[in-house]
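Below: one structure, written as structure tokens.
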Amino acid sequence: MISIEQIRPEHTWQLRRDVLYPGMMKHEMEMPEDIDGIHFGAFTDNKLAGVVSLFQNGTSFQFRKLAVDAAMQKAGIGKGLLAYINKYAEENDGTRLWCNARTDAIGFYLKLGFVETEDRFSKNGIDYVIMEKMITPPLTQPG
């Protein structure tokens, strides 16, 4: 059973480091933009198993630093986090959810309805592609 809740930015740092940047120091995981984001944690048995940070710019929502504990991967935690932030963006008038996806994660995002854009880049030896998913607002019921 997964529960997802909003967490403080510094609570994302350990998983960010362990999963995404294993050679770096924990304090190096802080991003200046963290103060402007909303951070979510996925918990199983009261243990933090996954994290993601969400940033809004108008109706566009970018998520960054999606990380799932290596021992918990392939258990639906990343999928659950993305479904949660998709719903959050939808409820906050979002029209687009996007990320800078590592190229080795393209398949994961494609399965969840994201599409690759033409935009690709490399940073610190890691190749990325911008992937996006358009958010369709729910139909309002006549009332």
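Just so it is clear, the values below take in all heavy atoms, side chains as well, and ignore hydrogens, waters and symmetry mates.
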Do [X] and [Y] come close enough that some side-chain heavy atom pair is under 4.5 Å?
{"X": "Arg96", "Y": "Thr59", "result": "no"}
{"X": "Met134", "Y": "Val115", "result": "no"}
{"X": "Gln6", "Y": "Ile38", "result": "yes"}

From Ile4 atom CD1 to Ile77 atom CD1, the distance as rounded to the nearest 0.5 Å: 9.0 Å
For [range], pull every pair meeting side-chain hydrogen bond (donor to acceptor under 3.5 Å, both in side chains), keeping only residues two or more places apart or in separate chains.
{"range": "residues 75-88", "result": "Lys87-Glu91"}
{"range": "residues 97-109", "result": "Ser60-Trp98"}
{"range": "residues 112-130", "result": "Glu116-Arg120, Ser122-Asp127"}

Lys65 with Asp34: basic N within carboxylate O range, under 4.0 Å: no
Provide the full list of salt bridge (Lys or Arg N to Asp or Glu O under 4.0 Å) pairs with a residue in residues 43-59, sequence neighbours left out, each pair given once. Lys47-Asp69
Tell me the salt bridge (Lys or Arg N to Asp or Glu O under 4.0 Å) pairs involving residues 2-11, sequence neighbours left out? Arg8-Glu10
Scanning both residues in full, the closest heavy-atom pair of Leu15 with Ala67 reads O-CB, 3.8 Å
What's the shortest heavy-atom distance between Ser53 and Thr12, and which atoms? OG-CG2, 4.4 Å
Which residues pass the salt bridge (Lys or Arg N to Asp or Glu O under 4.0 Å) test with [X], not counting sequence neighbours?
{"X": "Lys26", "result": "none"}
{"X": "Glu33", "result": "Arg64"}
{"X": "Arg17", "result": "none"}

Output the rest of the hydrophobic cluster of Phe55: all Ile, Leu, Val, Met, Phe, Trp and Tyr residues reachable through side-chain heavy-atom contacts under 4.5 Å, sorted by chain and number. Met31
Partners passing side-chain contact (heavy atoms from CB on, under 4.5 Å) against Lys74 (at least two apart in sequence or in another chain): none
Which residues pass the side-chain contact (heavy atoms from CB on, under 4.5 Å) test with Met25, not counting sequence neighbours? His27, Glu28
Just to verify, what does Lys133 make a side-chain hydrogen bond (donor to acceptor under 3.5 Å, both in side chains) with, not counting sequence neighbours? none
Do you reckon [X] sits in the same ILVMFWY cluster as [Y], going by side-chain contacts under 4.5 Å, direct or chained?
{"X": "Ile106", "Y": "Leu20", "result": "no"}
{"X": "Phe108", "Y": "Met131", "result": "yes"}
{"X": "Leu54", "Y": "Val19", "result": "no"}

